[in-house]
Amino acid sequence: MKHSGCAVNKERHFSCEDCNGNVSGGFDASTSQIVLCQNNIRNEAHMNRVVTHELVHAFDHCRAHVNWFTDVRHLACSEVRAANLSGDCSLVNEIFRLHFGLKRHHQTCVRDRAILSILAVRNISKEVAQKAVDEVFESCFNDQEPFGRIPHNKTYARYAHRDFQNRDRYYSNI
């Protein structure tokens with residue numbers, strides 16, 4: 001975040017609260033704060049996915065100046081990116097949900113999770129949410145910043161972090 005011009009202060013930008021329903025977390029664009037629902041987070045791995053998901057939203061808010069409240073396509077893009085990059089659609093999670101397949105399953109999961117996230121925060125029909133996700137899916141699914149790859153597990157996350165640390169080194173030799 002800092003590398004992208006967005007200062008982060010963990011005392012100010014993160015909040016742990018009890019939440020209603022089964023929501024695990026959220027990003028409050030008006031305060032640039034990530035809320036973790038401490039009563040709904042089951043374990044450390046779940047917390048890591050929620051933090052990563054919400055950090056993707058924070059990154060998009062900083063980088064792309066997302067119009068969260070009036071343009072459902074902006075929200076759809078950030079939800080696609082967050083589902084894709086956070087581990088929401090890992091094979092382990094999908095088996096736990098009893099949703100798994102072989103052909104293009106990751107993309108199907110990302111699409112479905114993005115639609116569910118939009119419906120959780122916007123009072124719109126499922127058809128409107130699906131249309132917004134369909135319109136932005138390809139470009140937003142392929143946007144893997146700031147990771148540069150989909151961190152499917154801890155090993156891939158370490159590779160992504162290594163790539164990020166070496167990012168400037170590649171371009172300085174050209």
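Being a predicted model, the structure only gives us computed values, none of them experimental. Counting from 1, the numbers follow the sequence of the chain as shown.
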Is there any ring-ring contact (aromatic ring centres under 6.0 Å, His included) pair reaching into residues 119-138, and which pairs are they, with sequence neighbours excluded?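 Checked against ring-ring contact (aromatic ring centres under 6.0 Å, His included) - neighbours excluded - the pairs reaching residues 119-138 are Phe137-Phe141.
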
Over 12 foreign heavy atoms within 6.0 Å of CG, Asn20: no

Are more than 12 heavy atoms from other residues, nucleotides or ligands located less than 6.0 Å from atom CG of Asn22? no

Do you know the tightest heavy-atom contact between Ala114 and Val133?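 Minimum heavy-atom contact is CB-CG2, 4.1 Å.
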
Got a sec, which residues hit side chain to side chain donor-acceptor pair (under 3.5 Å) with Asp112, two or more places apart in sequence or on another chain?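 Expected list: none.
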
Could I get the full list of side chain to side chain donor-acceptor pair (under 3.5 Å) partners for Gln33, not counting sequence neighbours? none

Are Gln38 and Asp18 close enough, and set up right, to give a side-chain contact (heavy atoms from CB on, under 4.5 Å), and what steps lead you there? CA-CA 6 Å; Gln38 61 192 12; Asp18 284 334; 3.4 Å; yes

Of all residues at least two apart in sequence or in a different chain, which pass the salt bridge (charged side-chain N to carboxylate O under 4.0 Å, His left out) check with Lys131?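 So Lys131 forms a salt bridge (charged side-chain N to carboxylate O under 4.0 Å, His left out) with Glu135.
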
Are the side chain of Asn142 and the backbone of Glu138 linked by a donor-acceptor contact shorter than 3.5 Å? yes

Do Asn40 side-chain atoms and Gly21 backbone N/O form a donor-acceptor pair below 3.5 Å?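 Side chain of Asn40 to backbone of Gly21, a donor-acceptor pair under 3.5 Å: yes, one is there.
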
Interatomic spacing from CD in Glu145 to CG in Leu85 - rounded to 0.5 Å: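 Between Glu145 CD and Leu85 CG, I get 9.5 Å after rounding to 0.5 Å.
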
Just how far is it from atom OG of Ser24 to atom NE2 of His46, taken to the nearest 0.5 Å?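 Rounded to the nearest 0.5 Å, the OG-NE2 separation comes to 3.0 Å.
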
So, using side chain to side chain contact (heavy atoms under 4.5 Å, CB included) as the criterion, who are the partners of Ile124 when residues are at least two apart?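 In terms of side chain to side chain contact (heavy atoms under 4.5 Å, CB included), with neighbours along the sequence ignored, Ile124 is linked to Val72, Ile118, Leu119, Arg122, Val128, Ala129.
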
Going by atom type alone, with no hydrogens or angles, which donor-acceptor pairs under 3.5 Å involve a side-chain atom of residues 54-62 and a protein atom two or more places apart or on another chain?
residue	atom	partner	partner atom	Å
Glu54	OE1	Phe27	N	3.2
His57	ND1	Ser78	OG	2.6
His57	NE2	His53	NE2	3.1
His57	NE2	Glu79	OE1	3.3
His57	NE2	Glu79	OE2	3.4
Asp60	OD1	Arg81	NE	2.9
Asp60	OD1	Arg81	NH2	2.8
Asp60	OD2	Ser78	OG	2.8
Asp60	OD2	Arg81	NE	3.1
His61	ND1	Trp68	NE1	2.9

